Structures are given as C-alpha cells and as structure tokens.
Amino acid sequence: MQTVETLNEGLKRAYTLTITAKDIDSKVDVELKRLAPQMKMPGFRPGKVPANLIRKMHGPALTQDALNAAIQEVVQSLVAEKQLRPAMQPSVELEDGYDLGKDAVVKVEMEVLPQVPAPAIDGLKLERLTVPVADEAVTEQLQKFADQQKKWDDAADDYAAAMGDLVTVDFVGKTADGVAFDGGTGTDMGVELGAGRLIPGFEDQLVGVKTGEEKVLNVTFPEEYQEKSLAGQPATFDITVKSVKTAGESKIDEDLAKSLGLESLEQLSGLLKGQIEQEHNGLTRTHMKRKLLDQLAEGHDFEVPPSMVEAEFNQIWSQLQHEATHEADPEAAMAEMEGERDDYRKIAERRVRLGLLLSEIGQANGVEVSNQEMQRLLAQAAQQYPAEQRQQFMQYVQSEPMAAAQLRAPLYEDKVVDFLFEKAEITDREATREELEAAIESEDGFASGTHVHDHDNHKPKKKAAAKKKAAPADDAAVTDEAPASDAADEAKPAKKAPAKKKAAPVEAETAVMESSPVAAENAEGTEAADAPAKKPRAKKAPTKTEA
C-alpha cells in the first residue's frame, strides 16, 4: 500500500491510498483456495473444480469482494500506523475510473480528535445545597394519598352539587350548528368538580346540578386542543346527571397505609420521606454538576472537530423542531428558534468541548465502566424491547463497538463527575427546595446549556430569565402530557389540553461520549482502528464507500 497525505490542516486529515492490483489478486487467490473444496460443478467431483475455472466463472464477484476487504484493511492500517483518533466515521471514496484488475486509489478524509490540554482539576470549589425533609412535606404527601383514597357518599336527590363533589353524567357533545361530533358521547363519566381535568367551563357549569337533572353546557375548546377540527371552536354538551356524591373525610391513619399494602402508617411515612430525600438529592446533584461544568468550561478552551459540533447541533435542532410542532403556535416557535440558531450552535460546540474534556479526565485518572456495570446497562436497555427481541438487541450491542460505547457513555460520564466531586473542595449550605430550584433555573445555571437530564437547559443564556421552566427531573422522559391521539378520545370533555412545555433538545451534559461513540472508545483507551466499520458493497465496482 502506498500512502500519501494530502491534507493536514487543524483537525482535518486527508490521504490517498493506492492498493496494487497484485495485492487485490493475492486476496482473490486466498479466497479461491478457501472456496475450491466447497465448489460443485457438473462434470467434476465435489471439491475438484479447477481454480482457473472458478476464477473464470466467479472472478468479478471474487475480485469485488477482495477489493472491499482490501479497502477496509488499508483504512484500518492507516488509522493504526498514523495513530489517528477519528472524531467521526472517516469518509472513504474509491477514485472514479477504477476498473477491476487495476490498482485501486482510495481517498480517505476525516477529522481527528484534538490533543486536549492537561485538564486543570485542582482547586475546584463547589457549594452543595442541601434540603432537609420537613415534616410538613411528608404530611402533604400523606394527605395526597388520603385524598386519592377518599370514599364518596351518595347525596340526597335534592342536594345541589358543589365544588369538591363527584357528579356522574351522561353526555352528548355537539358543534355550534348542533351536530354531534365523533367521540363526544359518553355515559357514566365521573366528574370531580374543581379537579380541573376537563375543558375550561365544563366543571364550573355543573355546580348546582341535582340528580336526574338535564342541562346544556356551553364551552369553547382550547386553541391547542389535539383534535384540530375542534380546537378553538364553541360547542355544547347535553348533560344528564346520574348521581351526585359528596366526599367522605380523608383520614391519615393506619387504615390508609394498609389500603396501600403496607403494614403501618410509620412505614408509609418512612417511604415517602425517603422518596422526597431522593428528589432533593437529585436536585442537589444537578446544581453541583452544573456549577462543576461551568468551572471546567471557563478554564479550558481548545479546538473541537466541526463534524462533531455539527452532529451535536443537528441533534439539538431536531429535538427543538419536534417540540415546536407541539406548541400552540408552531410557526412562532420555529421563528424564535431561527433567531437563536447561532446560540444553539455555540451550545453544541461547548457540549462537545466539555465531553472531550471529561473523556480526557476519565482516561487520565483510570475511570472505567466495569464489565459487570456494562452488563447491567445492557440488561436495562433491553427491557424497552419486546421479550422476543431482547436477545437480538443484546447481541447487536455486543457486536457493534459504537452501539456499546453509546450505551456506556452516560454512566462513564457520571463516574467522571463523581471523581471530580471527590477532588473538589465542597462546602455545604442548607436551603429550601424553592431556593434550590431557583438556583437551578437561574440565568447563570442556563448559561452553558450542557446539562445531562436537565430538560430546560438548552435555552441560550439571553432567554433564561425571560422564560422560567419547571425544575429538571433526573433522567425523566420529555412528554407533552397530551391526551391520546385517537380523535374520539380527544373529543371527550375529560381530555383537557395541558399547558405545553419546551423540552431540552437532548440530555445535554452528555459528553462527546454520547454524541460520538468513537470518542467514547478513545476515552477509555480502545483502538480507533475499529472506526471504519462499513465495508463497501460487493457485486459491482464501488464508486464511493464509507469505511
């Protein structure tokens, strides 16, 4: 193989590789020797077909396969010989004009990972905001459980329903011109007045109704209602009241705990306290991690591969576009996004830089994901698939280094962060939950836009103060809490269109290890020579391949 470097500029590399026809032909000879004992042909005993006859009949296909194998080998050899660390999959292209039987000229282009300067991790200082669990918080949760378990008592026939009561109705929904719409009819629907689960105005108009009463309710569907033909439109509901019930007293006692399958109220209180502590600990970690990454970002600045930044930006942008379609005014949401495109690109660049930095810190300090931890991750990931597909998924991940790296990346990053927490000087300060959430949602907190599992961290800094978001939830999936997509279900009055919330484009703090599995493998010391994973297609002379 002849190698000529044609580009070495910044992180960009390009090479021209020449594979001689002799090398390709030698691979064909090896393949012929392997196949000959298996070949069958009329007039010859099995395994006795002459090699020259096999070459004559199958030569083009064998030569193509040999060329494909040779291209993959030379690219892997190039990566190993030059000690290259591709940031993304190298681009591999067979030069135009190639004919079978001639020397093959292959062009290889790639971006390599930068030499990350020795990270400055000494002198890190962090504040840990701790939130004690107040008795009032546990009592509040107990009350919610008690309210969910409350019993309903039948009211007298002449009793007028009030807020807090349960009214059971039959209903028929009609458009403004009096035509019943699909999915707008139902029977024996329980409506808890004041719960706010129905479209605006529906529950309020049931206040004062009595058992057996018939009434027409006038409502207007919300502008963001999922059934587009009803969104923003006036409608009526013909109501027949089947029953009115009043709520019994909600008691926090031993019976409440036993109704939930527990032994005692003390056990229930302990479980709730532990749950609240876990929520507080998650918020505390989110805040500390954000401040940690802010310190790392401020102290390190180096060139990052544009291809990785582009991939990260595309991931962010795709998520934002998806979320924009769920806004009340998708066009306005998209217009706002376009105005912030440059800010999002800067966020993507910072995320890639932080990812490479965390990778370097982990590698330099022996941070690893053990085989046992990896198997646990694999088993957990497989649970999202139907039982009959889980084994196939596990085999795929085990056979694909990049898929395994992507699965391993979040845990690897968390372990690096934990290592840095141990190195940092940490001071504790007691705070309320409200103070902690406010610190997480502050403008400074959103400056980086690079926070794992933080679902509103992607906004550019200039927008942070204007748009306050809900507190991030650790590893929570982004949902718009919309009702079912079935139009019939959406038209029922019980399906209230919720307020929308914007989601983070991705789980942000995820280092490069998640956005670029190749980088993840390099971070843990694996050879980058495995990066060219795809072989050129066989059976015809390739014009462009990706190794």
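The shown structure was predicted, so the numbers you read here are calculated from the model rather than taken from an experiment. Numbers here are sequence positions counted from 1.
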> From Leu126 CG over to Lys289 NZ, what is the distance, rounded to the nearest 0.5 angstrom?
Replying inline: 13.0 Å
> Tell me the salt bridge (charged side-chain N to carboxylate O under 4.0 Å, His left out) pairs involving residues 109-137, sequence neighbours left out?
Replying inline: Asp122-Lys423, Glu127-Arg429, Arg128-Asp428
>> Taking ring-ring contact (aromatic ring centres under 6.0 Å, His included) as the definition, give me every residue that meets it alongside Phe393, ordered by chain and number, with sequence neighbours left out.
In response: Tyr385
> Just how far is it from atom CG of Leu357 to atom CG of Asp301, taken to the nearest 0.5 Å?
Replying inline: 11.0 Å
> Under 6.0 Å from the CD atom of Glu266, do we count more than 12 heavy atoms belonging to anything else shown?
Replying inline: no
> Under 4.5 Å between any side-chain heavy atoms of Leu272 and Phe145, yes or no?
Replying inline: yes
>> Assess the residue pair Met110 and Met88 against the criterion (side chain to side chain contact (heavy atoms under 4.5 Å, CB included)); give the C-alpha distance rounded to whole Å, side-chain angles, the decisive distance to 0.1 Å, and a yes or no.
In response: CA-CA 7 Å; Met110 70 183 77; Met88 305 289 282; over 6 Å; no
>> Hydrogens and angles aside, do Tyr344 and Glu340 bring a side-chain donor and acceptor to less than 3.5 Å of each other?
In response: yes
>> Tell me if the CD atom of Glu338 is crowded by more than 12 foreign heavy atoms within 6.0 Å.
In response: yes
> Heavy atoms, side chains only, cut-off 4.5 Å: are Pro200 and Val219 in contact?
Replying inline: no
>> Surrounding CD of Gln380 (heavy atoms of other residues, nucleotides or ligands, distance under 6.0 Å), is the total greater than 12?
In response: yes
>> Tell me whether the count of non-hydrogen atoms from other residues, nucleotides or ligands lying under 6.0 Å of CD in Gln383 goes above 12.
In response: yes
> What pairs of residues pass the ring-ring contact (aromatic ring centres under 6.0 Å, His included) test when at least one of them lies in residues 251-306, not counting sequence neighbours?
Replying inline: none
> Do you see a donor-acceptor pair shorter than 3.5 Å between the side chains of Gln319 and Gln315?
Replying inline: no
>> If you compare all heavy atoms of Glu192 against all heavy atoms of Gly164, which two are closest, and at what distance to 0.1 Å?
In response: CG-O, 4.5 Å
>> Tell me which pairs pass salt bridge (charged side-chain N to carboxylate O under 4.0 Å, His left out) where either residue lies in residues 372-387, with sequence neighbours left out.
In response: Glu373-Lys415
> Does Tyr15 have any ring-ring contact (aromatic ring centres under 6.0 Å, His included) partners at least two apart in sequence or in another chain, and if so, which?
Replying inline: none
> Is the number of heavy atoms from other residues, nucleotides or ligands under 6.0 Å of Gln83 CD greater than 12?
Replying inline: no
List, one per line, each side-chain donor-acceptor pair under 3.5 Å for residues 253-264, sequence neighbours excluded.
| from | atom 1 | to | atom 2 | distance (Å) |
| --- | --- | --- | --- | --- |
| Asp253 | OD1 | Asp255 | N | 3.2 |
| Asp253 | OD1 | Leu256 | N | 3.0 |
| Glu254 | OE1 | Leu265 | N | 3.0 |
| Ser259 | OG | Leu256 | O | 2.6 |
| Ser264 | OG | Gln267 | N | 3.1 |

> So with a 6.0 Å cut-off around CD of Gln389, is the heavy-atom count from everything else above 12?
Replying inline: yes
>> Can you give me the closest heavy-atom contact between Phe313 and Arg345, atom names plus distance?
In response: CE2-NH2, 3.2 Å
